[in-house]
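Quick notes on the structure that follows.
Note on naming: letters A, B, ... go to the chains in the order of the sequence lines (proteins, then strands), and numbering restarts at 1 for each one.
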Amino acid sequence: MEVVLAIVIGFLYGGGLYLMMRRNLIQLIIGLGLLSHGANLLIFTAGGLRKGGAPILADGEKVFSTIPADPLPQALILTSIVISFAVTAFALVLFLRTYQTVGTDDVDELKETETE
Amino acid sequence: MTLLPSLPITIPLAGAVLCMLFRRNIRAQKGIALFTSFLILLTSLTIFASTKDGTIAVMNVGDWPAPFGITLAIDMLSSVMLLLVGLLAVGVSAYACFDLDEPRMKFGFFPLMLILLMGVNGAFVTGDLFNLYVWFEVLLTASFILLALGGERAQLAGSIKYVTLNLLSSALFLAGIGILYGMAGTLNLADLAHLVKDGARGDLLTMVAIMFMMAFGIKAGMFPLYFWLPASYPTPPAAVTALFSGLLTKVGAYSMIRMFTLVFDSDPEFLHGLILVGAGLTMLSGVLAATAQYEMRKILAVHIVSQIGYILMGLGLFTELALTGSIIYLAHVIIVKTNLFLVAGAVNRLKGTYDLKKLGGLYSERPGLSLLFIISAMSLAGVPPLSGFFAKITLIIAGIQIESWAIVVVALGVSLLTLYSMTKIWAYVFWKPAPEPLPDLDPMPKGQWFVFLLPMVGYTVISIAIGVFAGPVFDYASEAAAQLMNPQAYIDAVLGGV
Amino acid sequence: MTSIILRTSTRYMFPPLIVFSVYLLLRGHHFPGGGFVGGLFAGSAFALYALAYSVSDARKAFRQDPRDITAGGLAIALLSGIPPLFSSHAFLTGTWWEVPLPMGGVLDVGTPLIFDVGVYFVVLGVLLTVVFALGEEE
């Protein structure tokens, strides 16, 4: 299973970086999205894949009867999903405004602030 | 004592909430922002006083015991950074109250500024790696909006580069966290340091360290990852640029110092050597890029890059003296750089341009402002007896001590080139007569002008004070550096000697 | 958009969605759920309303400015950290009170619930700020 996920993560990173290097703003944002998904999946995989119950003790239990899954990576991923949701929403608005103001979605045309 | 370490986070948050509730009332927002900034300064002074004897203030949020919950831990480096944030908060919010345009204030400059301060403080206070990531995102999100606020063409173009590269760095940071968690099973910094010391994991650890180096390198503006900085920093109004230049890249540098003294100190020959090379190239490329510029803000922005090089130089040399130099340099550059941007903003307010070729003759018109500029500029270049001189001399002596001649030569050379850049601004903007006389756009009455200059006067005084009281400053910084070099006390304080 | 099917179904869907969001919020302490999902649900209800009718109708239905709701939620979440300080615990420590109910029995009310209510409003406010702003661009 780790191998499959490793390959998926590789694809997500590869695809994300490829899209980020394109000139189109929309592709740039999709690339950023793929990259953050890749990172999330990496945390999930690196945290250890385990078949097990939820880490919640049933009533009256003092110890787990089966080894539960590690909840921390999931908590981390949930946090980072929320963050990337917010940031992506902001980036979308920013790119939309840029498109309206500058009139292009080509990154190469945005040379206003270059230091020559 | 159970409350104190959380105050640097909760006070700006409370201020931001109040500002949001008084959204329509700009006067109230100004008052709240100023009051909150003073409170932040007050808290950081209290924290500074309680940690200056070397105690590490630790707090477990929500009473969850150390390696499991989120720990806030403040050592001497953290508390000096908090103090600088406090100083910056007061000065910049006072400047912004005076200088910022109405639409930007209406659109929420003050709550955003306070949230940015909360993020920066959080990053300095936290003792947990994932929490550090979260604070990074908090301050980045606030900075994204501050940068784009106003929606001018250049601002938007600059923002896109800034947002994209910072998101890339966040993704790297997150991936590094994931791998580190897979290796160690913990993200508490002290616990990580503890585990890494027990069993070195060789190549994988080095690789993760390099991922962190890249992630923080992008945020700090380290060579070759700094290209977003000169493209975006000069675009927003002066108050925002001053805030950014004072805090954002420094958070990256601080995190790098924290991680590479606490966790990744197992292979200093390779890792810190790499940082040292990066530091040298950062200094050089920053200062060389500045020579070609003829726009005041851009020169200052590219100089941020070369200043970061000096801070990283201390980390790269990795001796106690070198880290002492880094800490003094951090304090010096935060104050001086912010001040220079504020002065540049004042010039722009007077003349409506930052262009060196159009400006001129300000020395005869505004001797006070010119004095403020020249003191800060000379301090930045490292002219004795100002703050920059002591910071640089410490770093250079540290370099000579371990016979790292290349970096010493680079540091000295860059210092000269910085002097060249600063005299260029001085000569063009203040000394030579204006090519065509520019009218004063905003002829303020004397009293108002003085109030406007007040934050800059304050920063200049602090910069001189760092130079005059170099002895105590050096003692404090060297104790802080000793703490960094011997992380066992930090580990014990957080884990309770487990 | 003027789809009669969407409009009619939204009219029936809207109240259950809001009620369900509150249910998710309250069940969150012991079971999957909580302020975040709850707020997302409530936000989606208004987003659906905005899709079926129009953004300005949805704004009217929401009555408040979403940014005020965000600020209020943040304030609630921040205040929920304060009670444990009085019993000399660290900031944000979970503190519980037993509230006797008029019909007998007690209700456990704790600061985590208050924090969750804050989160609910923050998420609701932020989501609607984004949705309304993007929706009005057209």
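- Of the atoms belonging to L25(A), it is side-chain heavy atoms, and not backbone ones, that fall under 4.5 Å from chain B.
- Contacts of Y133(B) with chain A are made by side-chain atoms alone, with heavy-atom separations under 4.5 Å and no backbone atom involved.
- Listed by chain and number, the residues in a salt bridge (Lys or Arg N to Asp or Glu O under 4.0 Å) with R22(A) amount to none (sequence neighbours excluded).
- Interface residues of residues 27-39 of chain A toward chain B, defined by a heavy-atom distance below 4.5 Å and sorted by number: L28(A), L32(A), L35(A), A39(A).
- Contact check for L116(B) versus F244(B): side-chain heavy atoms found under the 4.5 Å cut-off.
- By the neighbour-count criterion of 12 heavy atoms within 6.0 Å, atom CZ of F90(A) is densely surrounded, having more than that number from other residues, nucleotides or ligands.
- Counting heavy-atom pairs under 4.5 Å between each of T45(A), I43(A), I9(A) and chain B puts I43(A) at the top.
- At a 4.5 Å heavy-atom cutoff, the contact between I145(B) and chain A is made by backbone and side-chain atoms alike.
- Each of L140(B), L229(B), V251(B) was compared with K219(B) under the side chain to side chain contact (heavy atoms under 4.5 Å, CB included) criterion, and only L140(B) meets it.
- Taking non-hydrogen atoms and a 4.5 Å limit, the residue list of residues 74-83 of chain A in contact with chain B, ordered by number, reads L76(A), T79(A), S80(A), I83(A).
- Among the residues in residues 13-20 of chain A, those with a non-hydrogen atom closer than 4.5 angstrom to a non-hydrogen atom of chain B are Y13(A), L17(A), M20(A).
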Verdict with supporting geometry, Y294(B) and Y428(B), ring pair (Phe, Tyr, Trp, His ring centres under 6.0 Å): CA-CA 9 Å; Y294(B) 280 91; Y428(B) 272 94; 5.7 Å; yes

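- Taking every heavy atom of both residues into account, S169(B) and A215(B) meet most closely at OG-O, 3.4 Å.
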Pair K161(B)-S232(B), side chain to side chain donor-acceptor pair (under 3.5 Å): steps then yes or no: CA-CA 7 Å; K161(B) 288 161 200 160; S232(B) 59; over 6 Å; no

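- Within the 4.5 angstrom heavy-atom criterion, atoms from both the backbone and the side chain of F144(B) approach chain A.
- To the nearest 0.5 angstrom, M214(B) atom CE is 7.0 Å from L168(B) atom CG.
- Considering only heavy-atom pairs separated by less than 4.5 Å from chain A, the leading option among G176(B), P234(B), A175(B) is A175(B).
- Only the side chain of T141(B) comes within contact range of chain A, with at least one heavy atom under 4.5 Å from a heavy atom of that chain.
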